[in-house]
Participant: 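Sending over a structure as structure tokens; questions will come in a sec.
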Amino acid sequence: MHRILKDESIAGYEAELGRERIRRAAEEVIGRARLSGDGQGYDAIVATLRERLDDLRGASPTPVINATGILLHTNLGRAPLSADAVTAVASFGGGYSNLEYDLETGERGSRHAAIGEALRTITGAQDALVVNNCAAAVFLVLDTFAKGREVIVARSQLVEIGGGFRVPEVLERSGAKLVEVGTTNRVYIEDFERALSPRTALLLRMHASNYRIEGFAHDPSARDLVMLGRRAGVPVVEDLGGGALCDLAEYGTAHERTVQETIGDGVALVTFSGDKLIGGPQAGIVAGRANLIARIRNNPLLRALRVGKLTIAALGATLRCYRDRAARERLPLYRKLAATLDELSERAKAYVGALPCASAGESVAYLGGGALPQASIASIAIAVPSERPQQLAARLRAEEPPIVTRIERGRLLLDLRTIAPEEDRFVIASLLSAYVPL
Ligand SMILES: *Cc1c(COP(=O)(O)O)cnc(C)c1O
């Protein structure tokens with residue numbers, strides 16, 4: 001054992017895994033070798049142990065370089081945090097804070113106060129609160145207002161938005177009864193009107209996310225629903241999912257309904273994610289009428305879904321970037337969206353200069369994260385011809401940090417819109433070492 005732990009090829013793992021984990025893994029491997037009784041030599045045991053340590057190392061999440069062109073890639077952790085948010089997380093996380101402490105009175109305060117204030121200012125909502133993610137926010141709203149009662153939803157919006165979040169199932173689990181109206185492609189306000197009953201708790205409007213019905217299609221507008229809801233005394237809830245706080249059309253992509261517009265339409269409560277179009281940490285936000293938010297605050301379930309101090313620190317720093325466009329572009333998501341094609345083409349030169357068989361060309365990047373499936377963003381990608389693009393992609397994924405690419409028509413593509421400029425040098429060097437000439 002002593003000799004194994006001192007072995008040069010094993011000692012290199014110590015900084016990352018720590019001595020104790022290595023010792024435990026070594027015990028396990030040696031124990032198994034003894035049991036098998038086939039007299040494995042020292043070298044074979046060390047080789048097995050190294051495989052085991054590689055597995056252990058791979059098991060913890062690691063930063064990657066996103067060359068896919070999908071800005072909010074759910075599998076790659078969605079929005080990267082801004083430097084301000086990272087600093088806030090480090091200073092909040094590394095010490096004590098006034099998370100639930102009022103510095104003026106010296107008494108207990110609310111962890112939601114500062115974030116609530118920022119959200120009120122930005123969105124125009126009367127009040128807001130934060131939970132773990134948007135799925136939790138939707139569930140909490142349904143649990144608070146619709147348990148044992150009915151929720152009317154357009155059939156065209158009864159979608160599954162990925163990760164197993166299916167609207168009808170979430171409704172069922174919350175104890176609400178789903179009343180679906182209209183047809184898959186056409187739903188009218190009259191359909192909602194006919195479905196109203198004394199048991200109706202909410203009218204629910206859902207962002208169809210990664211799904212779109214084209215052609216002969218109709219959905220009632222939020223305003224129509226709000227008008228109907230007012231007459232019937234039933235609140236309208238809208239789940240935006242992405243929840244942009246600014247007009248994405250400024251960045252040359254299709255306009256996405258914003259939280260401000262939704263509140264402006266008179267919707268009683270709106271739910272949205274922190275790590276999609278806001279560009280912050282994973283979180284779910286409920287914003288809307290003060291009396292309804294107050295009822296949610298009294299729901300004991302809120303305690304189970306509450307966010308930690310790191311989320312609050314990161315979200316607070318993220319929201320501070322919404323005072324104007326320049327500040328907003330401190331958020332990596334908006335900085336990446338703001339990059340012009342000229343800037344991307346300029347960066348592409350370094351790639352093609354280093355690897356002459358590669359070429360730079362126009363490509364299409366996407367927001368992802370369930371928002372605007374149809375909205376593409378013009379981009380520039382480096383195309384690397386390869387006989388075995390899958391193998392090249394695998395080699396790039398084995399880099400440290402791993403580089404995640406996409407393959408299109410037999411070519412490996414690296415989309416420059418999602419790669420940060422400061423990552424270019426590393427990506428180029430990795431390409432040079434991973435590339436095997438045709
Ligand atoms: C993404 C999305 C959600 C879930 O958001 P999470 O923050 O991932 O829980 C809910 N509703 C809609 C419409 C979405 O697009």
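Just follow the structure's listing: the first ligand is 1, and inside any ligand the first atom is 1. On a predicted model such as this, the values are computed, not experimentally measured, just so you know. Numbers for residues simply follow the sequence, beginning at 1.
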Participant: Within ligand 1, which atoms have a heavy atom of His207 less than 4.0 Å away?
Facilitator: 13 (C)

Participant: Report yes if some N/O of Ala283 lies less than 3.5 Å from some N/O of ligand 1; otherwise report no.
Facilitator: no

Participant: For ligand 1, which atoms sit closer than 4.0 Å to a heavy atom of Ser273?
Facilitator: 5 (O), 6 (P), 7 (O)

Participant: Will you find, in the side chains of His207 and Glu256, an N or O donor that is under 3.5 Å from an N or O acceptor?
Facilitator: yes

Participant: Going by the order shown, which atoms of ligand 1 are within less than 4.0 Å of some heavy atom of Gly241?
Facilitator: 2 (C), 11 (N), 12 (C), 13 (C), 14 (C), 15 (O)

Participant: For Lys276, state whether at least one heavy atom is located under 4.0 Å from any atom of ligand 1.
Facilitator: yes

Participant: Considering the heavy atoms of Ala135, write down every atom of ligand 1 situated less than 4.0 Å from one of them.
Facilitator: 4 (C), 5 (O), 6 (P), 9 (O)

Participant: Contact between Arg78 and ligand 1, counting heavy atoms under 4.0 Å?
Facilitator: yes

Participant: Hey, does Val364 have a side-chain heavy atom less than 4.5 Å from the side chain of Ile377?
Facilitator: no

Participant: Determine whether a donor-acceptor pair (N or O, by modelled atom type, separation under 3.5 Å) exists between the side chain of Asn132 and the backbone of Ala136.
Facilitator: no

Participant: Has ligand 1 got any nitrogen or oxygen that is less than 3.5 angstrom from a nitrogen or oxygen of Cys134?
Facilitator: yes

Participant: State, without any angle test, whether Glu261 and His255 hold a side-chain donor-acceptor pair at a distance under 3.5 Å.
Facilitator: yes

Participant: Can Arg335 and Glu329 be said to form a salt bridge (charged side-chain N to carboxylate O under 4.0 Å, His left out), step by step?
Facilitator: CA-CA 5 Å; Arg335 194 155 62 235; Glu329 282 162 22; over 6 Å; no

Participant: Do any heavy atoms of Val138 fall under 4.0 Å from ligand 1?
Facilitator: no

Participant: Specify the closest pair of heavy atoms between His218 and Tyr188, including all atoms of both residues, with the distance to one decimal.
Facilitator: ND1-CD2, 3.7 Å

Participant: Before you tell me yes or no, could you show the steps for Tyr322 and Tyr334 under side chain to side chain contact (heavy atoms under 4.5 Å, CB included), namely the whole-Å CA-CA distance, both residues' side-chain angles and the distance that decides it to 0.1 Å?
Facilitator: CA-CA 11 Å; Tyr322 278 92; Tyr334 288 94; 3.5 Å; yes

